[in-house]
J.: 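Here it is: the structure, laid out below.
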2 protein chains.
Amino acid sequence: MPKPGNGAPTLLRRLRPARNLTDRAAADIAAEIRGGRLPPGARLPTEQEMMATLGVSRTVVREAVSALRAEGLVVTRQGSGAFVAADATRVPFRIDPEAMGTIADALNVMELRLAIEVEAAALAAERATPAQVGAVMGAHAAMAAAIAREDTAVNEDFLFHRAIASATANAQFPQFLEFLGRHVIPRQRVRAAIANPKEQREYLARIQREHLRIGQAIKGRDPADARKAMRAHLLNSITRYRRLAERDGPA
Amino acid sequence: MPKPGNGAPTLLRRLRPARNLTDRAAADIAAEIRGGRLPPGARLPTEQEMMATLGVSRTVVREAVSALRAEGLVVTRQGSGAFVAADATRVPFRIDPEAMGTIADALNVMELRLAIEVEAAALAAERATPAQVGAVMGAHAAMAAAIAREDTAVNEDFLFHRAIASATANAQFPQFLEFLGRHVIPRQRVRAAIANPKEQREYLARIQREHLRIGQAIKGRDPADARKAMRAHLLNSITRYRRLAERDGPA
DNA sequence: TTCCTCCGGTCATCGTACAAGTTGCCCAAC
DNA sequence: GTTGGGCAACTTGTACGATGACCGGAGGAA
């Protein structure tokens, strides 16, 4: 047994995210930057120096720097050196999935989503073209159809929300909602937790009522009502999630 | 003619962001993925195949893949291959600074910020600890001091907003606001555009009045009023920016 | 059938070499 | 002394080859 259990199942692999030399080197350099020891505009050590400091080959150093370049943290200039990016406008917004362990983390993301969607609903009520209003109502109908065929309707649910975000005439809203949607965890799991079919039907019917109210506010060009309806809907979602989490424990 | 005019001055270099072989290779592969030709979970071509297809060395291919790995788009497994990430939870949210040319783009980001901050103000009114309320009012005082010494108070302005985001008891709000703050363009430029010192003073005084109303709503634990005050403040900002942009043309 | 071993393929890391670009220094010319 | 050109050293960009670590399947042994 030359190595301590590295045949671990996928689950443990996830927790220790396969840190190879490149990742570690990139993390080390990034720490120097974020820690302020390498201020914006400062020049990084040369590849040779980093090779010596980190004890790795040039390949590893270059791949690490390449990763930081993609991240927007570093810019390189041939013949001159590598520099900490002077303006951080290229550094993206991340939500680390590893740091999303607790229920509180999930609720935090849901609150962010609420903030976005409440405003999106209002903007949609103000600006949606007739076609976009049609898309919202169509998404509502599609979800009804999914429910009718005993589906969990998870995808249709999200599509309804996305239709609203798209109706804001502001591309940032659907893009950011798409991003958050990847983190607003296990809707599947939440719904799966509702074992009782009757309970499941009532749950979906309630969502549909809430959706309908939102859609009608948008169709009726009533931003204030759209805001209120969307807020109520998402607050209910948060409450439902919190209750399920308390009942079943962290998952 | 081996290379078309690449002796462009630094200014032009900025516009065409220094596309070396690695960047181009990474963009090519990323396009395959985002275009759906490489669906999630699919295996990428081997390094050898990509070398042949892209006509570059292995170094370049590896650095490109390293960049995509950092981006969360690809995961590699030694001995097995490189794969399109099955779940996109690591893919971050980006606002491409290159695509932020027009006034409309800037306004879109400001609307996103409005959505976040309106909700943040309400949450702060609900949840802020006494110390956090103190921090908000302290930020307001700091801005007053900056104005008194004829400063543009750009930083103090942002610090006030950040103090509110921090008072939400939800770390996502300050983090996301920090991110957006890097894109909410040239506040410096907007303020610099106000040449007249008297006009400048009135402008800052008005902001301070708006800030004060927000701060008092938070201190008074009135979420609805905090929402209203923050919305009014940021709508004014948007209007001011739009007016300046119309007056001075796109910058 | 089940288990083990082996082997080819693949990524990970290392090392070297050269090309391309930058910077500062030296030195000649004025 | 100042200025300008050009050279030299240094740094990143690209290419290539070699070896190690790891995976997955083929094939053989029990």
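Predicted, not measured: the structure shown is a model, and the values here were computed from it. Chain identifiers are assigned alphabetically (A, B, ...) following the order of the sequence lines, protein sequences preceding nucleic acid strands; residue numbering begins at 1 within each chain.
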J.: Base, sugar-phosphate, or nothing: which does Val65(B) touch, judged by heavy atoms less than 4.0 Å apart?
T.: nothing

J.: Over 60° means perpendicular and under 30° means parallel, so tell me whether Phe176(A) and Phe93(A) are parallel, tilted or perpendicular.
T.: tilted

J.: 5'-most contact on DNA chain D: Gly79(A) or Arg24(B), nearest heavy atom basis?
T.: Gly79(A)

J.: Reckon Ser80(A) touches a base, only the sugar-phosphate, or nothing at all at heavy-atom distances under 4.0 Å?
T.: sugar-phosphate

J.: Okay, side chain of Arg37(B), backbone of Ala31(B): is any donor-acceptor separation there less than 3.5 Å?
T.: yes

J.: For Ser57(B) and dT14(D), is the shortest distance between a side-chain N/O and OP1 or OP2 below 4.0 Å?
T.: no

J.: We want to know whether Asn20(B) and Thr22(B) form a side-chain donor-acceptor pair, criterion being a heavy-atom distance below 3.5 angstrom.
T.: no

J.: Going by heavy atoms closer than 4.0 Å, what residues in residues 44-55 of chain B are next to DNA chain C?
T.: Thr46(B), Glu47(B)

J.: In whole angstroms, how far is the P atom of dT19(D) from the CZ atom of Arg58(B)?
T.: 14 Å

J.: Filter on salt bridge (Lys or Arg N to Asp or Glu O under 4.0 Å), then keep only pairs touching residues 45-55 of chain A, sequence neighbours left out; what's left?
T.: Glu47(A)-Arg58(A), Glu47(A)-Arg62(A)

J.: Rounded to the Å, how far apart are Gln78(B) CD and dA12(C) P?
T.: 6 Å

J.: Find the distance Asn20(B):CG to dT22(C):P and express it as a whole number of Å.
T.: 13 Å

J.: The side chain of Val56(A) lies closest to which of these nucleotides: dT14(D), dG21(C), dC14(C)?
T.: dC14(C)

J.: Taking CG from Leu21(A) and P from dG15(C), how many angstroms apart are they, rounded to a whole number?
T.: 12 Å

J.: Counting only N and O atoms by type, is there a donor-acceptor contact under 3.5 Å from the side chain of Arg90(B) to the main-chain atoms of Ala85(B)?
T.: no

J.: Return no unless some side-chain N or O of Arg77(B) is found under 4.0 Å from OP1 or OP2 of dT10(C).
T.: no

J.: May I ask you to evaluate whether Thr59(A) reaches the phosphate of dG15(C), defined as a side-chain N or O under 4.0 Å from OP1 or OP2?
T.: no

J.: I want to check one thing: is the phosphate of dG13(D), taken as OP1 and OP2, less than 4.0 Å away from some side-chain N or O of Arg62(A)?
T.: yes

J.: Would you confirm whether Asn108(B), through its side chain, and Asn170(A), through its main-chain N or O, come within 3.5 Å as a donor-acceptor pair?
T.: no

J.: To the nearest angstrom, how far is Arg69(A) atom CZ from dT12(D) atom P?
T.: 12 Å

J.: Indicate whether OP1 or OP2 belonging to dA12(C) is found under 4.0 Å from a side-chain N or O atom of Thr76(B).
T.: yes

J.: Test your reading of the model: is there a side-chain donor-acceptor pair from His183(A) to the backbone of Pro97(A), 3.5 Å cut-off?
T.: no

